[in-house]
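Contents: one structure, followed by commentary.
Keep in mind that what you see is a predicted model, and the values were worked out from it rather than measured.
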Amino acid sequence: MNGDAIVWIVLLLSLVICDGLAVYLYQKRKIPLWVSSIVMALLVPVIVYCFIAFGIYYANKNYDPDDTREGIAFAGGFMVLVLALNAIIMFVIGVVLNIYTFIKNKQKS
């Protein structure tokens with residue numbers, strides 16, 4: 001499997017799991033969406049560190065003298081940017097939904 005494919009698979013799985021869990025908990029009225037986005041932002045370094053650690057382990061195990069092995073760092077940086085941007089967008093959406101719900105409930109009473 002190509003290294004790019006592994007990066008995309010890990011990134012998409014992380015997005016689907018984190019966003020799906022956040023939406024599920026929001027719909028069940030357990031956790032507000034903005035709180036889930038803060039937790040997601042705190043988990044970004046953990047997810048990327050695990051990905052990079054496994055990548056370095058794999059690269060050291062399959063040593064190729066012509067390989068500079070800097071691709072895992074670029075992939076990790078890309079994943080951090082995408083996951084952090086996702087958390088920021090979800091935070092903004094959560095705050096807007098809370099403000100909308102507050103105003104709607106204020107007008108009812």
About how many Å separate CG of Leu11 and CZ of Phe51, when rounded to the nearest 0.5 Å?
9.0 Å

Nearest 0.5 Å please: distance from the CG atom of Leu13 over to the CD1 atom of Ile47.
10.5 Å

Compare every heavy atom of [Y] with every heavy atom of [X], then report the nearest pair and how far apart it is.
{"X": "Asn98", "Y": "Pro32", "value": "ND2-CB, 4.5 Å"}
{"X": "Gly76", "Y": "Ile52", "value": "CA-CD1, 3.9 Å"}
{"X": "Ile72", "Y": "Gly55", "value": "CD1-CA, 3.8 Å"}
{"X": "Ser36", "Y": "Ile31", "value": "OG-CG2, 3.6 Å"}

Taking [Y] as the starting point, is it possible to reach [X] by hopping between hydrophobic residues whose side chains are less than 4.5 Å apart?
{"X": "Trp34", "Y": "Val39", "value": "no"}
{"X": "Met79", "Y": "Tyr58", "value": "no"}
{"X": "Leu83", "Y": "Phe91", "value": "no"}
{"X": "Ile38", "Y": "Ile99", "value": "yes"}

Can you name the side-chain hydrogen bond (donor to acceptor under 3.5 Å, both in side chains) partners of Tyr24, sequence neighbours left out?
none

By side-chain hydrogen bond (donor to acceptor under 3.5 Å, both in side chains), which residues pair with Glu70, not counting sequence neighbours?
Thr68

Could you work out the complete set of other residues in the hydrophobic cluster of [X], with links drawn between I, L, V, M, F, W and Y side chains under 4.5 Å apart?
{"X": "Val23", "answer": "none"}
{"X": "Leu97", "answer": "Tyr26, Leu33, Met40, Leu85, Ile89, Met90, Ile93"}
{"X": "Tyr100", "answer": "none"}

Would you list the atom pairs, donor with acceptor, under 3.5 Å between side chains in residues 15-22 and any protein atom, with sequence neighbours excluded?
unit_1: Asp19; atom_1: OD1; unit_2: Asn86; atom_2: ND2; d: 2.9
unit_1: Asp19; atom_1: OD2; unit_2: Asn86; atom_2: ND2; d: 3.4

